[in-house]
Amino acid sequence: MKTQEELKDLQNLRHSASHLLAHAVKRLFPEAKLGIGPAIENGFYYDFDYEKGFTEADLTNIEKEMEKIKSERFDITRFELPRDEAIKLMSERNEPYKVQLINELPEDAAISFYQQGEFIDLCAGPHVESVRKIKAFKLLSLTGAYWKGSEKNKMLQRIYGTAFFSGNELAEHLKMLEEAKLRDHNKLGRELEFFTTVDVIGQGLPLIMPKGAKIIQLLQRFVEDEEEKRGYLMTKTPLMAKKELYEISGHWQHYKEGMFVLGDEEKDGEVLALRPMTCPFQYFIYKSKLRSYRDLPLRYGETSTLFRNEASGEMHGLIRVRQFTISEGHLICRPDQLSDEFKGVIDLVQFMMRTLGIEEDVTYRFSKWDPANKDKYIGSEESWESSQSQMRQILDELKLPYHEVEGEAAFYGPKLDVQMKNVFGKEDTMITVQIDLALAENFDMSYVDSDGQKKRPYIIHRTSLGCYERTLAMLIEKYNGAFPLWLSPVQVKLMTVTEKFNDYALSVKKEMEDAGLRVSLDDRNEKIGYKIREARNERIPYLCVIGEKEVEQESVQVRSRKEGELGMMAVKKLVAKLVVENAAKSL
RNA sequence: GCUGGCGUGGCUCAACGGUAGAGCAGCUGAUUUGUAAUCAGCAGGUUGGGAGUUCGAUUCUCUUCGCCAGCUCCA
């Protein structure tokens, strides 16, 4: 573990490495214009405006030039300029992006530059004191990135790299990246036959194969049973609706780009859209009759398939898809019940994560609206302030270690997002809990309160386990494909050494299956060593090779990836052990 | 959608303007075998799809579909 101080040093090193990169690029491609070049979590990048675009080969040359500059042993020095001189300097050097940045700096800001040899960059610093300090670096990839992160702006060329204080650390890091590739659910999940994709079916439409489907089925049953225990009522609602429904919910105005629309608004009397969420459908179940304050809270759950027309570049394995199934639900409650209901949801969510063994792998994000961007949202400023402050209070009472982010809210309300990183460090939302004070209004939902007055309920949108596809992806990476016993699509694999044990193996299989285990049998008694290896690659928890040694009681040898060699063990003992373990895990 | 990279049998890879090749997996037969590599044989590809350049395209060009990295967007 690195100390704060060491991390800071590493950041400075990487920031300096980005300047070294820019220095080399300016030497080799003087017409390239500088964007920005910060240190990031595991390295650094620098953005350039370069019309011709860099190639992979350029990267190698740039790297060589960086080494060369390093050998020129420049000190890295800082100086400040008044605004007009700063602009003059950057204009002379033909750096329009830097001029823009200077112009956007606040009046009283110090305008600082860092220089190494002939290279000067507008930069707040700090940096290491000399290019010689940048011991080990490597350029990793070449991509596009919009100037200032807005798709309205020009796309620049971004070069990613990483840097360390020693070659060993760099080598270790690169090795880690290689290993991460092997855990990547998008590779491993296909190898393990959890899912596949087909050109003619389309992007973001994975086929979940039997083993993947088995895991999802287990998760789904687990979720539905648990929710039922906690007072949820299950619904089953349509996968599509008329556009008028989405006009009420606001999706038509705020989310139309993300929906699959069936029919032509110009020509057709009736236009439908596949649903991107479940909310309004469950709201109409609520609205099907007059509700009393005594009826609340109502907790609706649905294993809900949703469709979102993601932009073509967004799809990724099972993490980002166009059709997915989510453990969706809405809690409709009185204002005085909001806190308890919210806490109940968090308890459920944490129970789920504990059961999956991922509670240590997530972070909590309190996602707020962006007051500077009001037309992205519905509802009044007061209602946003109210829902956000109520959520914050609940989160504080729960002592959840959350961080706040502006501009990540849903268009109808603030969210608590449970974030998990994939194997490459990219973060995605697994679970989300949202407070919504807006849609009850839009849908004219009400209940009759104890004073006889009609009032608006509060709504909590939530998922308990997120969407099954993404959760499966995260679990594949978390467990490197070796799922906990209760989730393993195949728990035990039996294989026989010779044909004469096949009948016996069948009876063993039956006995295990009767005990509730998922068993597969390979009775093609050949290449037994290979078969064992293969079964291990499939991450099957228990392998039983059934062979002779006459003694029936000891004819089964058991191996577990997790526990290593278990030694010789009788079939019945094995079954008993597995059954106990199985029951314990699934409770 | 944007930028860059990539698509050769189930998998891993080769050939890179001149008749598509190997290993593993698969199938058939022999072998009856205890922790990957028993032997022999067979089969499997209009090199993602389409168009163009060429005497000739897996190789060059364009286009389309898909995959990957990132940007933007998001569960």
Side-chain angles (χ1 to χ4, degrees), chain A residues 40 45 47 50 53-56 58-59 140-160 181 184 186-187 190-191 193 196-205 255 257-258 276-277 304 306 308-322 324-328 367 376 407-408 410 415 417-420 424 426-432 434 461-463 465-471 473-474 495-502 524-537 543-549 555-557 559 565:
Chain A
I40 52 174
Y45 67 80
D47 289 343
Y50 179 58
F54 301 114
T55 64
E56 301 270 313
D58 292 335
L59 241 49
L140 295 173
S141 62
L142 184 60
T143 70
Y146 298 109
W147 169 240
K148 308 210 96 187
S150 167
E151 61 183 332
K152 296 190 184 78
N153 291 338
K154 186 168 184 182
M155 181 161 268
L156 310 180
Q157 305 269 309
R158 174 172 296 179
I159 297 174
Y160 281 95
K181 276 187 202 158
D184 180 2
N186 207 4
K187 178 170 169 55
R190 291 169 196 270
E191 281 171 8
E193 298 181 5
T196 187
T197 52
V198 179
D199 293 18
V200 294
I201 291 177
Q203 273 193 304
L205 298 169
Y255 201 78
E257 291 302 301
M277 38 72 235
S304 177
L306 305 180
R308 297 190 183 175
N309 192 4
E310 303 288 353
S312 67
E314 304 304 338
M315 267 66 78
H316 171 66
L318 292 179
I319 298 245
R320 197 74 185 273
V321 293
R322 279 183 165 154
F324 56 92
T325 299
I326 189 166
S327 52
E328 178 84 285
S367 300
K376 273 178 70 180
E408 291 287 342
K415 309 192 289 180
D417 295 318
V418 178
Q419 303 290 105
M420 187 158 165
F424 298 111
K426 187 172 171 171
E427 190 179 272
D428 269 297
T429 302
M430 269 195 92
I431 294 171
T432 178
Q434 310 165 358
H461 304 236
R462 46 105 271 176
T463 113
L465 237 209
C467 72
Y468 291 101
E469 292 82 354
R470 182 175 285 184
T471 301
M474 291 297 189
M495 46 200 105
T496 51
V497 174
T498 70
E499 225 167 69
K500 65 183 175 193
F501 297 110
N502 284 357
R524 293 173 301 164
N525 22 73
E526 52 187 58
K527 297 182 185 173
I528 192 73
Y530 181 83
K531 298 291 175 206
I532 288 169
R533 179 71 180 196
E534 191 178 54
R536 286 192 182 141
N537 283 342
L543 310 182
C544 303
V545 178
I546 300 181
E548 45 137 338
K549 300 286 192 276
S555 58
V556 177
Q557 192 173 6
R559 277 159 199 287
E565 184 73 47

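Each chain gets a letter, A, B and so on, in the order its sequence line appears, and its residues count up from 1.
For the OP1/OP2 pair of G4(B) and a distance below 4.0 Å, the side-chain nitrogens and oxygens of T143(A) include no atom meeting the criterion. Contact between the side-chain N/O atoms of H316(A) and the OP1/OP2 oxygens of C74(B) is not found at any separation under 4.0 Å.
Summarising the base pairing, A57(B) is matched to no nucleotide, lacking a Watson-Crick or G-U wobble pair whose two defining distances lie under 3.5 Å.
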At a cut-off of 3.5 Å, list every protein nitrogen or oxygen paired with a nitrogen or oxygen from nucleotides 61-66 of chain B, distance to 0.1 Å.
from: G66(B); atom 1: O2'; to: D199(A); atom 2: OD1; distance (Å): 3.4

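For residues 147-157 of chain A, the pairs satisfying salt bridge (charged side-chain N to carboxylate O under 4.0 Å, His left out) are D49(A)-K154(A), E51(A)-K154(A), E104(A)-K148(A), with sequence neighbours left out.
Contact of Y146(A) with G1(B) (side chain to base): a donor-acceptor pair of N or O atoms is detected under 3.5 Å. You won't find any donor-acceptor pair under 3.5 Å spanning the side chain of E328(A) and the base of A75(B), going by distance alone.
D199(A) is linked by a side chain to side chain contact (heavy atoms under 4.5 Å, CB included) to nothing, counting only residues two or more places apart in sequence or in another chain. Considering only residues two or more places apart in sequence or on other chains, D58(A) meets the side-chain hydrogen bond (donor to acceptor under 3.5 Å, both in side chains) condition with T55(A). Not counting sequence neighbours, the partners of M315(A) by the side chain to side chain contact (heavy atoms under 4.5 Å, CB included) test are Q203(A), E310(A), R322(A). Taking L306(A) as the reference, R275(A), T278(A), S304(A), R308(A), F324(A), I326(A), E328(A) meet the side chain to side chain contact (heavy atoms under 4.5 Å, CB included) condition, with sequence neighbours excluded.
Taking only side-chain atoms of E314(A), from C-beta outward, the nucleotide of A75(B), G1(B), C67(B) with the closest atom is G1(B).
Here F54(A) does not lie in a stacked arrangement on the base of G4(B), lacking the combination of planes under 30° and ring centres under 5.5 Å apart.
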